[in-house]
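One structure below.
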Amino acid sequence: MKTSRRLFIQNSAVLLAGTALLSKTALAAPKPGEILGVQLYSVRDDMKKDPAGTLKQVAKIGYKNVEHANYIDRKFYGYKPAEFKKVLDDLGLKMPSGHTVMGKEHWDASKNDFTDAWKYTIEDAAFMGQKYVVSPWIDESVRKSYDSLLWFIDLFNKCGALCQKSGMKFSYHNHWFEFSEKLNNMKIFDIIMQKIDPKFVLMQLDIGNMYIGGAKAIDILSQYPGRFELIHVKDEIAVNKPDKFESSVLGKGIIPTHEIVDLARKIGGTKVYIIEQESYQNATPIESIKEDLDAMKKWGY
């Protein structure tokens with residue numbers, strides 16, 4: 001009887017452990033409609049040398065989605081849109097979003113309309129099957145005065161309407177100055193969030209860049225719930241450099257990245273998670289983004 005009881009307890013413990021593991025695994029799964037990808041700036045030097053070969057490595061380690069950071073003269077990484085689309089299609093990759101800076105030079109005041117160059121940007125993004133057109137910078141000349149910033153934010157709204165005509169959404173991606181610089185006693189980030197029209201413009205929240213500006217993603221997500229359909233997923237380590245921080249493999253830095261992405265999923269309205277790592281310590285960029293992907297999958301994304 002004692003032996004039978006001991007075996008029963010042991011077998012029950014194993015069964016319970018297996019059930020708990022299954023439950024954890026079942027919970028750790030992407031939600032329908034979510035997108036997990038990598039910003040190709042993470043492998044920028046490799047993309048410069050061998051775009052097709054680098055994308056092949058990106059696909060091989062398990063990525064299904066990429067976000068571009070190189071669109072010049074109507075070419076993506078030197079490829080015409082149709083050529084680049086074929087490269088992606090052949091590798092089973094999709095490009096739901098891309099970074100192209102929209103500047104004040106893209107507005108023709110005499111015509112009260114966007115320039116042809118910017119219209120081509122939207123046209124080519126739509127051809128590539130993008131869901132999002134992301135502008136990742138505001139020139140310093142624009143953010144010198146409150147009025148000039150408001151004028152530029154109005155361009156965001158106009159661009160959002162332009163993107164909607166092609167079935168896409170326009171988004172702005174933050175860096176650090178939005179949190180460290182003020183106009184009319186307001187942080188630039190708060191001005192942007194209050195003046196963009198959510199019907200036309202989204203915010204892609206970079207959870208790493210803001211650290212340099214003294215902000216924390218958890219606070220921003222709580223301050224503006226439901227406003228971040230896209231985020232850049234990062235971790236940071238402290239370094240003895242002017243910026244004080246540099247990005248690292250997810251889960252190895254000082255940012256509570258897992259907690260942040262879970263909060264973004266819960267209250268941020270986030271559907272698109274784009275991994276970005278700009279510094280690599282003692283690893284290669286490809287090795288780093290593989291570790292990043294493994295971490296996100298472990299966390300259920």
Side-chain angles (χ1 to χ4, degrees), residues 36-49 54 57-58 61-63 65-70 77 97-101 134-140 143 171-181 187-189 203-221 228 230-264 268 270 272-299 301:
L36 174 62
V38 64
Q39 165 56 252
L40 292 175
Y41 189 74
S42 305
V43 288
R44 56 194 176 277
D45 291 339
D46 295 324
M47 286 295 294
K48 187 176 181 179
K49 296 173 187 175
T54 302
Q57 292 184 73
V58 168
I61 62 179
Y63 283 99
N65 300 284
V66 297
E67 180 179 80
H68 80 76
N70 187 289
Y77 299 95
S97 57
H99 279 206
T100 307
V101 175
V134 186
S135 181
W137 191 253
I138 296 177
D139 189 73
E140 187 176 354
R143 55 185 204 262
S171 180
Y172 176 69
H173 167 282
N174 67 275
H175 278 79
W176 68 90
F177 65 81
E178 296 90 348
F179 302 94
S180 60
E181 296 180 10
K187 291 179 182 177
I188 286 179
F189 187 83
M203 173 65 71
Q204 183 182 56
L205 188 68
D206 186 302
I207 70 174
N209 286 343
M210 62 174 57
Y211 254 68
I212 300 170
K216 294 182 179 180
I218 287 177
D219 297 336
I220 300 302
L221 287 167
F228 305 104
L230 310 86
I231 66 170
H232 262 195
V233 183
K234 285 184 176 178
D235 206 339
E236 303 279 329
I237 59 171
V239 292
N240 187 23
K241 295 179 181 179
D243 287 342
K244 299 181 181 178
F245 301 98
E246 70 177 28
S247 57
S248 67
V249 168
L250 303 182
K252 293 188 175 181
I254 59 176
I255 294 180
T257 308
H258 188 183
E259 183 182 349
I260 291 168
V261 293
D262 282 353
L263 186 64
T270 305
V272 183
Y273 303 83
I274 301 296
I275 292 167
E276 184 178 39
Q277 189 175 339
E278 300 162 312
S279 302
Y280 319 99
Q281 290 74 59
N282 296 317
T284 67
I286 288 291
E287 289 169 344
S288 298
I289 64 170
K290 183 183 185 304
E291 282 195 68
D292 294 329
L293 180 61
D294 290 343
M296 286 294 283
K297 286 184 174 180
K298 181 181 177 182
W299 297 339
Y301 292 85

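Just so it is clear, the structure is predicted and the values come from calculations on it, not from any experiment. Index from 1, following the sequence.
Nearest heavy atoms, Gln204 versus Asn174: O-OD1, 3.4 Å. Of all heavy-atom pairs spanning Gln277 and Ser288, the tightest one is OE1-CB, 3.4 Å. Considering all non-hydrogen atoms of both residues, Ser42 and Pro285 come closest at O-CB, 3.5 Å. Across Tyr63 and Ile289, no two heavy atoms sit closer than the pair OH-O, 2.6 Å. Of all non-hydrogen atoms in Tyr41 and Ala69, the two that sit nearest each other are CB-CB, 4.1 Å. Residues Gly208 and Asp206 come closest through the heavy atom pair N-OD1, 2.9 Å.
The NE2 atom of His175 sits 12.0 Å away from atom CE of Met210, with the distance rounded to the nearest 0.5 Å. If you take CD on Glu246 and CG on Asn240, they are separated by 11.0 Å, rounding to the nearest 0.5 Å. Here His68 contributes atom NE2 and His99 contributes atom NE2; the two are 8.5 Å apart, rounded to the nearest 0.5 Å. Here the straight-line distance linking atom CG of Asp219 with atom CD1 of Ile260 works out to 9.5 Å at 0.5 Å rounding.
Panel note: side chain Ser247, backbone Glu278; a donor-acceptor pair is recorded below 3.5 Å. Counting only distance, with no hydrogens or angles, the side chain of Asp235 and the backbone of Gly251 share a donor-acceptor pair below 3.5 Å. The backbone N or O of Met296 lies less than 3.5 Å from no partner atom in the side chain of Tyr273, so there is not a single donor-acceptor pair. Panel note: side chain Arg143, backbone Ile188; no donor-acceptor pair is recorded below 3.5 Å. Using a distance-only test at 3.5 Å, with no hydrogens or angles considered, a donor-acceptor pair links the side chain of Tyr301 to the main chain of Asp262.
Residues His173 and His232 have side chains that bring a donor and an acceptor to within less than 3.5 angstrom of each other. Inspection of the Glu67 and Ser97 side chains reveals an N or O donor paired with an N or O acceptor under 3.5 Å. Between the side chains of Lys234 and Asn209, at least one donor N or O lies within less than 3.5 Å of an accepting N or O.
Side-chain contact between Leu36 and Ile275: present, with at least one pair of heavy atoms (C-beta onward) separated by less than 4.5 Å. Contact check for Asp46 versus Gln57: no side-chain heavy atoms found under the 4.5 Å cut-off.
Considering Ile207, Thr257, Asp243, Ile255 as possible partners of Glu236, the one that fulfils the side-chain contact (heavy atoms from CB on, under 4.5 Å) test is Ile255. A ring pair (Phe, Tyr, Trp, His ring centres under 6.0 Å) with Tyr211 holds for exactly one of Phe179, Trp176, Phe245; it is Phe245.
Classified by interplanar angle (parallel below 30°, tilted 30° to 60°, perpendicular above 60°), the ring pair Phe177/Trp137 is perpendicular.
For the salt bridge (charged side-chain N to carboxylate O under 4.0 Å, His left out) condition, the pairs that include at least one residue of residues 284-293, sequence neighbours left out, are Lys252-Glu291, Lys290-Asp294.
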**OP:** Show your working on side chain to side chain contact (heavy atoms under 4.5 Å, CB included) between Lys244 and Ile212 and close with a plain yes or no.
**Re:** CA-CA 7 Å; Lys244 299 181 181 178; Ile212 300 170; over 6 Å; no

Original post:
For Leu230 and Ile274, what are the C-alpha separation, side-chain angles and deciding distance, and is it a side chain to side chain contact (heavy atoms under 4.5 Å, CB included)?
Top reply: CA-CA 8 Å; Leu230 310 86; Ile274 301 296; 5.7 Å; no

Subject >> Step-by-step side chain to side chain contact (heavy atoms under 4.5 Å, CB included) determination, Met47 to Asn70 >> reply: CA-CA 9 Å; Met47 286 295 294; Asn70 187 289; over 6 Å; no

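Among residues two or more places apart in sequence or in another chain, the ring pair (Phe, Tyr, Trp, His ring centres under 6.0 Å) test is passed with His258 by Trp299.
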